[in-house]
Amino acid sequence: MTQKWDVVIIGAGLAGYVAANYLAKNDLSILILERGKHVGGRAKTDKIKHQYFNLGPHALYKKGKAKPILEELRINLNGKSPKLTGFLIENNTAYVAPLTPSGLFSTSFLNWKERLEWVGVLMKVNRMDTEKLADLTFQHWVKQIALSPKVEALLYVLARLTTYCHAPDKVSAKLIVSHLKVGMSGVLYLDGGWQTIIDQLHNKAVISGIQVHSHSVVKHIAPSVDHHTLMLSNNEEILAKRVICTTHPQELNNMLGAEANLLQNRFFAQITPIKGATLDVALTQLPNPKLSFAMGITAPFYYSVHSNDAQLSDDGKSTILHVFKYHSPHLHIDGKEVKHELEQFLEQLQPEWQKYVITKRFIPNIIVNQRLPRIGDEQNLKRSETDIPGLYIAGDWASPNSILSEGAISSGKQAAQEIIKIENEMI
Ligand SMILES: Cc1cc2nc3c(=O)[nH]c(=O)nc-3n(C[C@H](O)[C@H](O)[C@H](O)COP(=O)(O)OP(=O)(O)OC[C@H]3O[C@@H](n4cnc5c(N)ncnc54)[C@H](O)[C@@H]3O)c2cc1C
């Protein structure tokens with residue numbers, strides 16, 4: 001029998017669950033369809049040998065849009081803020097990172113003139129009206145604001161750290177600088193990993209009567225005026241008055257097939273993702289316990305010990321760290337080579353770490369964010385409802401001015417609010 005729903009949400013990640021929880025208060029029948037065996041999407045945490053591995057390094061902005069939305073939904077966020085005390089690495093040299101007041105004084109990376117320039121730039125970033133950067137790439141903006149090559153390099157490092165973007169000549173300065181501003185106010189590493197957010201959102205949704213079907217792959221969406229028809233891979237048909245799609249934009253186009261013929265679909269087809277490689281590691285101990293954070297200056301590498309600020313194992317005794325490489329878009333990835341690079345970077349920071357491994361996991365080419373934010377993208381993402389009435393988008397690519405969990409969570413809320421508004425107008 002064909003089932004009919006008020007709202008069907010495709011995807012049980014952060015965007016889908018946030019949308020569902022806002023809609024839950026509105027007496028609507030809601031179904032979430034998730035292709036995977038498990039829910040959570042890229043916010044899932046895998047428990048391997050009693051160690052909690054997020055899908056690569058995950059940090060929640062303390063002063064962003066996502067945290068207040070989660071708090072409004074009464075999601076508990078337990079964890080601490082890591083300090084940016086650590087090192088910046090160039091070839092074989094480690095410099096104290098000038099990302100904290102003490103780091104700024106003690107670093108040998110900058111001379112006194114460069115230090116003053118760096119402080120001035122950080123202050124400008126803090127006060128920056130990012131709307132004024134709408135027509136600039138990040139690289140263009142950096143060239144305008146930085147005088148010395150070292151300050152330029154530091155801005156690129158900070159941008160990678162806070163946005164995962166490693167394409168300064170392609171990305172929008174407006175979005176990167178606004179994330180940079182928020183990122184500089186600190187982040188949280190979460191006890192138990194990001195799965196704790198998903199589990200709470202899932203439980204609240206289910207208690208409110210929302211149904212969640214995993215192992216349910218949507219293959220086709222046939223739009224129509226009254227009800228959209230969703231065809232699943234098992235040939236089941238589902239009718240939905242409204243659909244929120246949180247999949248990759250290209251996948252949405254594929255699901256629409258011949259219906260993906262609008263100008264908007266052409267924009268969706270052009271979207272490219274932000275990708276990286278992650279080496280997630282659990283150790284019995286750290287060879288060099290004092291070193292908890294490092295970034296490459298030119299080489300796009302990240303290292304951070306997350307278990308210093310979050311409980312990420314059953315007994316709380318082991319060390320969980322992430323080493324990450326930010327990929328440039330469209331670059332061919334040789335997985336073996338990247339794994340070697342990340343292991344060598346870790347070896348440089350934590351000599352003989354391999355002796356202490358409990359478990360480790362390497363993912364060579366993972367999508368961090370579905371959209372590399374380009375100049376003008378926001379014009380195409382003002383509303384959640386697409387040009388097909390009743391079909392909405394949400395997800396980390398679908399928010400006009402945010403990416404990452406900021407984009408996923410705020411777009412989930414926005415899609416729900418647009419639907420609630422229309423429903424209320426119809427009463
Ligand atoms: C390595 C890494 C590091 C990250 N670090 C950070 C960080 O530090 N801070 C931060 O804020 N964010 C970070 N992120 C990004 C964050 O995890 C994502 O932005 C967020 O989880 C995306 O949520 P989403 O709901 O938009 O998409 P997803 O989590 O991808 O959810 C979409 C869901 O849709 C399902 N789906 C797809 N197609 C179909 C279909 N046809 N039928 C049914 N279901 C389907 C998928 O299986 C998936 O579960 C990181 C991500 C990665 C990978």
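What's counted below: heavy atoms across the whole structure, side chains too, no hydrogens, waters or symmetry copies. As the structure lists them, so they are numbered: ligands from 1, and atoms in each ligand from 1.
When heavy-atom distances to ligand 1 are checked against a 4.0 Å cut-off, Asn54 has no atom that comes that close, whether in backbone or side chain. When heavy-atom distances to ligand 1 are checked against a 4.0 Å cut-off, Tyr61 has no atom that comes that close, whether in backbone or side chain. If you look at Leu55 next to ligand 1, the close heavy atoms, those under 4.0 Å, all belong to the backbone. The proximity of Trp397 to ligand 1, defined as any non-hydrogen pair under 4.0 Å, does not occur for either the backbone or the side chain. Contact annotation: for Asp396 versus ligand 1, heavy atoms closer than 4.0 Å belong to both the backbone and the side chain. Contact annotation: for Glu251 versus ligand 1, heavy atoms closer than 4.0 Å belong to the side chain alone.
Protein heavy atom closest to atom 8 (O) of ligand 1, with residue, atom name and distance, is Ala59 N, 2.8 Å. In this structure, the protein non-hydrogen atom closest to atom 25 (O) of ligand 1 is Ala15 N, 3.0 Å. The protein heavy atom nearest to atom 34 (O) of ligand 1 is Gly11 CA, 3.1 Å. Ile367 O, 3.3 Å is the protein heavy atom nearest to atom 53 (C) of ligand 1. His58 NE2, 3.2 Å is the protein heavy atom nearest to atom 50 (C) of ligand 1. Looking only at heavy atoms of the protein, atom 23 (O) of ligand 1 is closest to Ala408 CB, 3.6 Å. Scanning all protein heavy atoms for the shortest distance to atom 48 (C) of ligand 1 gives Glu34 OE1, 3.5 Å. Val368 O, 3.4 Å is the protein heavy atom nearest to atom 15 (C) of ligand 1.
The local environment of NZ in Lys83 is sparse, with at most 12 non-hydrogen atoms from other residues, nucleotides or ligands closer than 6.0 Å. Counting non-hydrogen atoms of neighbouring residues, nucleotides and ligands closer than 6.0 angstrom, the NZ atom of Lys25 exceeds 12 such neighbours. Environment of CG in Asp27: sparse, with no more than 12 heavy atoms of neighbouring residues, nucleotides or ligands closer than 6.0 Å.
Under a 4.0 Å criterion applied to the non-hydrogen atoms of Ile10, ligand 1 contributes the atoms 40 (C), 42 (N), 43 (C), 44 (N). Ligand-side atoms of ligand 1 in range of Phe324: 1 (C), range being under 4.0 angstrom from any heavy atom. Interface atoms of ligand 1 facing Ala43, defined by a heavy-atom separation under 4.0 Å, are 21 (O). Those atoms of ligand 1 with a heavy atom of Leu33 less than 4.0 angstrom away are 43 (C), 44 (N). Atoms of ligand 1 found under 4.0 Å from any heavy atom of Val217 (numbered from 1 in listed order, with element): 42 (N). Atoms of ligand 1 lying under 4.0 Å from at least one heavy atom of Gly41, given by number and element, are 29 (O), 48 (C), 49 (O). Listed by number with element, the atoms of ligand 1 under 4.0 Å from a non-hydrogen atom of Gly395 are 26 (O).
Where the criterion is an N or O separation shorter than 3.5 Å, residue side chain and backbone included, Gly16 fails it with respect to ligand 1. Residue Ile366 has no nitrogen or oxygen atom sitting less than 3.5 Å from a nitrogen or oxygen atom of ligand 1, judged on distance alone. No N or O atom of Glu406 sits closer than 3.5 Å to an N or O atom of ligand 1. At a 3.5 angstrom cut-off on N or O pairs, Gln370 does not count as close to ligand 1. Considering backbone and side-chain N/O of Asn369, none are found under 3.5 Å from N/O of ligand 1.
Looking only at distances, no side-chain donor or acceptor of Ser318 sits under 3.5 Å from a matching main-chain atom of Leu283. Judged by distance alone, with hydrogens and angles left aside, the side-chain atoms of Glu34 form a donor-acceptor pair with the main-chain N or O of Ala12 at under 3.5 Å. When atom types are taken as modelled, the side chain of Thr359 and the backbone of Lys49 share no donor-acceptor pair closer than 3.5 angstrom.
In this pair, Phe345 and Phe301 present their aromatic rings tilted. The plane angle is within the 30 to 60° band.
Ion pairing between a basic and an acidic side chain is recognised when a charged N comes within 4.0 Å of a carboxylate O; Glu385 and Arg242 show no such pairing. Ion pair Arg371/Asp396 not flagged as a salt bridge, since none of the NZ, NE, NH1 or NH2 atoms sits closer than 4.0 Å to an Asp/Glu carboxylate oxygen. The pair Asp226-Lys241 does not count as a salt bridge, with every side-chain nitrogen at least 4.0 angstrom from each carboxylate oxygen. Salt-bridge check for Glu406 with Lys67: failed, with every basic side-chain N at 4.0 Å or more from each acidic carboxylate O. With respect to Arg361 and Asp46, a salt bridge is recorded, a charged nitrogen being found less than 4.0 Å from a carboxylate O. A salt bridge does not link Lys219 to Glu251: none of the charged nitrogens lies less than 4.0 Å from a carboxylate oxygen. Salt bridge status for Lys336 with Glu341: absent, with no side-chain N to carboxylate O gap under 4.0 Å.
Assignment of Leu14 to the shell around ligand 1 is supported, since a heavy atom sits closer than 4.0 Å. Taking 4.0 Å as the cut-off, Ser216 counts as a neighbour of ligand 1 on heavy-atom distance. Residue contact check for ligand 1: Trp194 places a non-hydrogen atom closer than 4.0 Å to it. Look at Pro57 and you'll find a heavy atom under 4.0 Å from some atom of ligand 1. Heavy-atom distances between Val187 and ligand 1 stay at or above 4.0 Å for every pair.
A centroid separation of less than 6.0 Å is found between the aromatic rings of Phe324 and Tyr326. Taking the six-membered ring for Trp and the full ring otherwise, the centers of His202 and Tyr17 sit less than 6.0 Å from each other. Taking the six-membered ring for Trp and the full ring otherwise, His166 and Tyr156 have centroids separated by 6.0 Å or more.
Counting heavy atoms only, Arg42 comes closest to atom 30 (O) of ligand 1 of the residues His38, Arg42, Arg35.
Interatomic distance, CG of Leu99 versus CG of Leu158, reported as 5.5 Å (0.5 Å rounding).
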